[in-house]
Amino acid sequence: MQLKEALQPLDIESLRKDFPILQRMVNGHLITYLDSAATSQKPKQVILALEDYYKRYNANIHRGVYKLSEEATQAYEDAHTKVASLIDASFDEIIFTRNATEGFNLVAYAWGLEHVKEGDNIIVSWMEHHSNLVPWQFVARQNGAVLKHIRITEDGLLDMDHFLSILDERTKIVSITQFSNVLGTINDVKTIGKLSHEKGAVFIVDAAQSVPHFAISVKEIDCDFMAFSGHKMLGPTGIGVLYGKKDILNTMRPFLYGGDMISEVNLDKSSWNEIPWKFEAGTPNIAGGIGLGVAADYLLGVGLDRIFEHTRNITKYALQKLSEIPGVVIYGPKEINLRGGVISFNVKGIHAHDLASILDRFGIAIRAGHHCAMPLMKHLGIQACARASFYLYNTLEDVDKLIEGINEARRIFGYVS
Ligand code: C6P
């Protein structure tokens, strides 16, 4: 990992030129895109990779013995290797899914239903996205297990004392987000994983928001599974990743059954292909996978440490500016070192959806709503909030535009003259 002192700032002007959509005019204004936590924008390198595949070597993979199919197979497999190097895993531990959600479902169906028994428990937290909550509700209900939730502190952090009080020998799964899509909290997944393993539980990391933003080593975290989505890390939609430790993947039953995931098929029984293909049934999203590999290369080329530093600087500035606006309530940790580039907030007297609509008039895109974290909204005592999220192509000027837009909304609602 690079040393902080050695970090060079991003060459933001030339980097922004890689993202054609940032030239888009929206409602008469150059777009200010502050919704990368929902989905990131795509660099031209990724867009061109998709076009190149369809124009030059579109063919199915693992099936043809002709040139096009061989090229497509090679590019799709290389993409697994690129993603593996992004998170310090090996090629066969990288399963391409549709998104993070499918990754959790894969583990729930193929590991959870088999290993979680009546009276066992599964631990998640109050800050989980629905995709890392609902699959575990399903497994718990199906197998007669108990779903437990780590509480969060006033400051939007996981309550580790509470975690220790609910973790026990009957805990089979602990599944926690590394970076909350609402609070912006960065959780200490290494410690949570260590404690989980001490009790014999399988540890899963929701890395949907973290892989796009930090340098990650699954070896260092020592998680058993990690799920994330391509579309939040500059890649195409419809492609995601499930990392799984080799030993566990090898002993697991498949998730989906059909073509490509088999080794030998008889009329009444079959045997399974080697990993990762055992978990990639049917014709996969070939173009998406290749595009994701290019996105991984792009992130590594820019440098995850620099991306993190850049978004943290923007977040710091935005937290300062937002806190100067009367009536703004900011959720999540006060300490900048505990959070990443996501800020959820409300403006007194203005519904988050109204605020988002007014900002849209100025070409500013933020997200408003429950952010697929309804239990967290209930805990915060709100139905919805606004959320600005930052990525490598954002600038301090984007934050200034957001602040101007919020002040304009306050004027429209009569809070300032
Ligand atoms: N959060 C957001 O605007 P999918 O939809 O499968 O690509 O990702 C699911 C997911 C899982 N975990 C976390 C922490 C997430 O933030 C998300 C997606 C988006 O916050 C869309 S709801």
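Just so you know, these numbers come straight off a predicted model, no measurement behind them. We number each residue from 1, following the sequence as shown. We count ligands from 1, going down the list as the structure has it; atoms in each ligand are counted the same way.
Taking a cut-off of under 4.0 Å to the non-hydrogen atoms of Gln209, the atoms of ligand 1 that pass are 1 (N), 14 (C), 15 (C), 16 (O), 20 (O). Here is the list of ligand 1 atoms found below 4.0 Å of a heavy atom in Thr101: 4 (P), 5 (O), 6 (O), 9 (C). Near Ala100, meaning under 4.0 Å from any of its heavy atoms, are these atoms of ligand 1: 6 (O), 8 (O). Heavy-atom contacts of Cys372 reach the following atoms of ligand 1: 22 (S) (cutoff under 4.0 Å). For ligand 1 and Arg387, the ligand atoms under 4.0 Å from any heavy atom of the residue are 2 (C), 3 (O), 20 (O).
When the options Lys232, Arg98, Met127 are ranked by their closest heavy atom to atom 18 (C) of ligand 1, first place goes to Lys232. Of the listed options Ser229, Gly103, Ser210, Ser229 places a heavy atom closest to atom 7 (O) of ligand 1. In the candidate list Gln178, Arg367, His129, Arg367 is nearest to atom 2 (C) of ligand 1, counting heavy atoms.
At distances below 3.5 Å, not a single donor-acceptor pair connects side-chain atoms of Lys172 with backbone N or O atoms of Glu169. Thr73 places a side-chain N or O within donor-acceptor distance of the main-chain N or O of His62, the cut-off being under 3.5 Å.
Note on ring orientation: taking the six-membered ring where Trp is involved, the planes of Tyr109 and Phe255 are tilted (angle from 30° to 60°). Classification of the Trp111-His115 ring pair by plane angle, with boundaries at 30° and 60°, yields parallel. Using the six-membered ring where Trp is involved, Tyr53 and Tyr57 have ring planes that are perpendicular, over 60° apart on the 30 and 60° scheme.
A donor-acceptor contact closer than 3.5 angstrom links the side chains of Asn121 and Asp168. Remark: the Tyr317 side chain and the Asp400 side chain contain an N/O donor-acceptor pair separated by less than 3.5 Å.
For Ala37, every heavy-atom contact with ligand 1 shorter than 4.0 Å involves the backbone, none the side chain. Contacts of Asp206 with ligand 1, taken as heavy-atom pairs under 4.0 Å, involve the side chain alone. Contacts with ligand 1 closer than 4.0 Å are made by no heavy atom of Glu102, backbone or side chain.
What sits closest to atom 11 (C) of ligand 1 on the protein, heavy atoms only, is Ser131 OG, 3.2 Å.
Residue Phe203 is tested with Ile173, Asp222, Ile221 for a side chain to side chain contact (heavy atoms under 4.5 Å, CB included); the sole match is Ile221.
The closest approach between a heavy atom of Asn132 and any atom of ligand 1 is not below 4.0 Å. Put simply, part of His231 is less than 4.0 Å from ligand 1, judged by heavy atoms. Within the structure, ligand 1 lacks His130 among the residues with a heavy atom less than 4.0 angstrom away.
Residues Phe179 and Gly341 come closest through the heavy atom pair CZ-N, 3.4 Å.
Counting only heavy atoms from C-beta outward, the side chains of Lys245 and Phe225 never approach each other to under 4.5 Å.
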